[in-house]
Amino acid sequence: MVKIIAGNWKMNGTREMLDTMYAALADIKTENKIIICPPFTLLGGQSPIVIGAQDCSANESGAYTGEVSAKMLFESGAKYVIVGHSERRQYHNESNETVRAKAERALANGLTPIICVGETKEQFESGQTLEIIENQIRESIPNTESDIIVAYEPVWAIGTGLIPTMEDITRVHKHMRTLTPAPLLYGGSVKGSNAAEIMGTENVDGVLVGGASLKPDDFIPIIKSV
Ligand code: PGA
């Protein structure tokens, strides 16, 4: 099964790092779909692999200083855009409604949105995970048959080295599968040593990788694990 392996560089990276990654990936033979989402400033130019952005505006164009539109991203060569990452939801107060508007804007401009959902530690500990995820999916996903990808990223697993048990991932993805036919990614502390097990889990169509996507030595083992 072909898997989707997407790297989210967050606010990290230089042109040199991206060129190093491109050069390293050029030698890799894989059927998997590899996507790198570097910062806005590194989009554009020739890229041997598919690139995506990490956010887009919910608006089409106009007086929105500092924002970048889906149309601009498309023109820069991006094919995907992450929307609703928990860091956007948390630090920029993005609601499900905003996330859906961004996803709709992405689709209208030829981009595939990677829509992120995930519960906090408190919600996980109080057994609310499925309810939270269901609500986020119902409210953040556009009402369309178009191409979208959904990423389950438990907030408490991002950048912490903690991951849910495979039983928990299975349970959440099984529930997500009843809500959407979209490819389902898992994200949060994915690395070479756990990628195969995670991607071998039922209804996990790929991974969204943060820290371990920055360097070829960390990212390539994930790609080669499946
Ligand atoms: P991480 O981040 O792999 O560094 O935990 C994942 C993400 O935030 O997409």
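Just follow the structure's listing: the first ligand is 1, and inside any ligand the first atom is 1.
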Is the closest side-chain donor-acceptor distance between W9 and Q54 under 3.5 Å? no

Are N109 and E60 linked by a side-chain donor-acceptor pair shorter than 3.5 Å? yes

Atom pairs and distances, side-chain donor-acceptor, residues 210-225, under 3.5 Å, sequence neighbours left out:
from	atom 1	to	atom 2	distance (Å)
S213	OG	V209	O	3.2
S213	OG	G210	O	2.7
S225	OG	I222	O	2.7

List of N/O pairs, ligand 1 versus protein, all under 3.5 Å?
from	atom 1	to	atom 2	distance (Å)
ligand 1	2 (O)	K10	NZ	3.4
ligand 1	3 (O)	G210	N	2.8
ligand 1	4 (O)	G211	N	2.9
ligand 1	5 (O)	G159	N	2.6
ligand 1	5 (O)	S189	N	2.8
ligand 1	8 (O)	K10	NZ	2.7
ligand 1	8 (O)	H85	NE2	2.7
ligand 1	9 (O)	H85	NE2	3.4
ligand 1	9 (O)	E153	OE1	3.3
ligand 1	9 (O)	E153	OE2	2.7

E134 side, atom CD; I132 side, atom CD1 - distance, nearest 0.5 Å: 11.0 Å

So that I can tick it off, tell me whether K3 and E31 are bridged by a salt bridge, with the cut-off set at under 4.0 angstrom between side-chain N and carboxylate O. no

Taking the six-membered ring for Trp, are H173 and Y152 parallel (under 30°), tilted (30 to 60°) or perpendicular (over 60°)? perpendicular

